Each structure stands twice: as structure tokens, then as C-alpha cells.
Amino acid sequence: MMFFRKIIFGLLLITSTSLFAQVETKKDLDVEESDTTIIDSILLKEVIIYRNKLSAEERKQFLLLQNRVYKVYPYAKIASERLVALNNNMKKLKSSKEKKKYSKIVEDYMENEFKAQLKKLSRKQGQILVKLIYRQTGVTTYDLIKEHKSGWKAFWSNNTARLFDINLKTGYDPYQVNEDYLIETILYRAFYNGRLSEQKAANPVDIDDLNVHWVDKSNELIKNKKD
């Protein structure tokens, strides 16, 4: 887990902007969520639960996922903001020496700003963060490291992270992946009620269309079982 934290820390380093950039406060990043309201339609273990009461275990698992999303979304949001700023700033620098010097300044700043907080992430939170970084940037953590560092380092970083069940190549597809669908519904509610500050995703999703998709998928699964 220690190595994975270094990888995410490295990602935040390469997606930083300036020494005086505005960032989320520690209070925003560490806050826990106790809300237990669940949307009308969610999917657990490939079964749609529609306007139905969840079991104690299902409710527990959903709330655990919800808390993880609330914990790490601000980091993914920061990563996206820093990536845009980094790309813009790098275009203004002419020589490799200037770019190297700029990267060093950014690294020193980000180490002081985020290192202590990232050390607190659990393995599960880390994997959710990888998914949300993809949601916000449209690029996997692996490819971000590969683009800004070296392909060799990205390869070994990913293999080491997988020892902790964390795959840096993981994307985000709420239309196909059960957990990603749940994450998207959690985010939608959080944005709607003001729990999280929304940042437009790299590939925005229509929540109504998404819910219809999963309801249709559930009906199809039920029909196939009967047949």
C-alpha cells in the first residue's frame, strides 16, 4: 500500500499547477458521511433493487462505497484541475531545462501539501481514486504516469500496485461495470444535495439514461433466468 500511495502522490505531482494554487481543505478531504438515504434504484451483486429495502449487509456495503467515494473524489477533482494547468503551463516553457525546473518546484510544493493526507488512504479508497481519476480526466492513472514519466516506470508501478489489488490501468464505465454505476449514482446525489462540489467529467453521463439502461439490463437477466 505504501508504494501505491507514492504512485498517486506522483500523479498529483505531475498534475499540479503552481505554488499558490487553490486546493481543497483538509476538512473537506477528511470528512465522513453518515447519510443513509439510498436512491430508488441501485444494483448490488448484479441484481437491481428497485424501490425495495436493502438487507443490512447490502446497506452496509453501499454505505462503505459511498464513504470511499466522498473521501477520494476531491483528490480526483484536484488531479484533473492540475492536469489541465500542467499542460497549459508546459506549453509556455520552451526548453527542457525550464520544464525540469518547473516540475521540481511543483514536486516540492505538492509533497508538503498532500503527502500526509494520501498516506491515510486505504487500499479500497485507492482503487476508487484510480477510477475517479479516469472519470475526471478520461485517462488512466497508468497512462498519465507513462505520459509524464517513462513507460518503464509506469509498467513497474502498475505491477507493484497490483500486488495490493490496485490496477492503475483501471478505467471507469458506469454502463458496463456494476460498481461504477453505483459510484455514478452516489456522485449524482452528492452533487445534487451539495455534499460534493461538481466538476464536469471527461465523458459526462446522463443519469436518467444510465438508470434506464440498468433497469433494462436487470429485466433481461430476469427474463433469461426464467427461460
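Fair warning: this is a prediction, and the values are worked out from it, not measured in the lab. The residues of the chain are indexed from 1 along the displayed sequence.
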**Q** Are Q125 and L129 side-chain neighbours, meaning at least one heavy-atom pair lies under 4.5 Å?
**A** no
**Q** Please identify each residue that fulfils salt bridge (Lys or Arg N to Asp or Glu O under 4.0 Å) with D165, with sequence neighbours left out.
**A**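 Checked D165 against salt bridge (Lys or Arg N to Asp or Glu O under 4.0 Å); matches are R123.
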**Q** State, with a plain yes or no, whether a side-chain heavy atom of R195 is found less than 4.5 Å away from one of R189.
**A**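 Counting from C-beta outward, R195 and R189 never come under 4.5 Å.
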**Q** Considering only NZ, NE, NH1 and NH2 on the basic side and carboxylate oxygens on the acidic side, decide whether K77 and E81 come within less than 4.0 Å.
**A**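 Yes.
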**Q** Would you please name every residue forming a side chain to side chain contact (heavy atoms under 4.5 Å, CB included) with T170, sequence neighbours left out?
**A** Q127, V130, K131, N167
**Q** Using the side chain to side chain donor-acceptor pair (under 3.5 Å) rule, take D180 and Y175 through it: C-alpha gap first, then chi angles, then the decisive distance, then the call.
**A** CA-CA 8 Å; D180 296 358; Y175 278 92; over 6 Å; no
**Q** Between Q66 and I186, which heavy-atom pair has the shortest distance, and what is it?
**A** CA-CD1, 3.6 Å
**Q** Quick one: side chain to side chain contact (heavy atoms under 4.5 Å, CB included) partners of Y134, sequence neighbours excluded?
**A** T140, Y172
**Q** Rounded at 0.5 Å granularity, tell me how far OG1 in T137 sits from CG in L144.
**A**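 Rounded to the nearest 0.5 Å, the OG1-CG separation comes out at 5.0 Å.
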**Q** Name all residues meeting the side chain to side chain contact (heavy atoms under 4.5 Å, CB included) criterion together with D208; count only those two or more places apart in sequence or in a different chain, and write none if there are none.
**A** D206
**Q** Looking at CG of L187 and CG of L182, how far apart are the two atoms once the value is rounded to the nearest 0.5 Å?
**A** 11.0 Å
**Q** Looking at D216, I'd like to know if its CG atom is crowded, meaning that more than 12 non-hydrogen atoms belonging to other residues, nucleotides or ligands lie closer than 6.0 Å.
**A**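 More than 12 heavy atoms, drawn from other residues, nucleotides or ligands, come within 6.0 Å of this atom.
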**Q** So do I128 and K71 actually touch side chain to side chain, heavy atoms under 4.5 Å?
**A**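 SC-SC contact between K71 and I128 ruled out.
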**Q** How many angstroms lie between CD1 in I133 and CD1 in I78, if you round to the nearest 0.5 Å?
**A** 10.5 Å
**Q** Looking only at heavy atoms, what is the nearest atom pair of W214 and P174, with distance?
**A**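 For W214 versus P174, the nearest heavy atoms are NE1-O, 2.7 Å.
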**Q** Hey, mind stepping through Q136 and K200 against side-chain contact (heavy atoms from CB on, under 4.5 Å) and telling me if it holds?
**A** CA-CA 7 Å; Q136 298 311 118; K200 186 176 180 180; over 6 Å; no
**Q** Considering non-hydrogen atoms only, spot the tightest contact between G138 and A202 and give its length.
**A** N-CB, 3.4 Å
**Q** Starting at CD1 of I207, measure out to CZ of F191 and round the result to the nearest 0.5 Å.
**A**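 Rounded to the nearest 0.5 Å, the CD1-CZ separation comes to 10.5 Å.
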**Q** Is any side-chain heavy atom of I183 closer than 4.5 Å to a side-chain heavy atom of V177?
**A**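 No, every pair of side-chain atoms sits at 4.5 Å or beyond.
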**Q** Mind checking whether L65 and Q61 have side chains closer than 4.5 Å, heavy atoms only?
**A** no
**Q** Is there a side-chain contact between K124 and L64 (heavy atoms, below 4.5 Å)?
**A** no
**Q** Distance check, rounded to the nearest 0.5 Å: N211 atom CG versus E184 atom CD?
**A**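 Output value for this atom pair is 10.0 Å.
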**Q** Compare every heavy atom of Y73 with every heavy atom of Q199, then report the nearest pair and how far apart it is.
**A** N-OH, 3.0 Å
**Q** Within this structure, what is the CG-CG distance for the pair D173 and N178, rounded to the nearest 0.5 Å?
**A**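 The distance works out to 12.0 Å.
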**Q** In chain order, what residues pass the side-chain hydrogen bond (donor to acceptor under 3.5 Å, both in side chains) check against Y192, with sequence neighbours excluded?
**A**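 Expected list: none.
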**Q** Who pairs with S96 by side chain to side chain contact (heavy atoms under 4.5 Å, CB included), at least two apart in sequence or on another chain?
**A** none
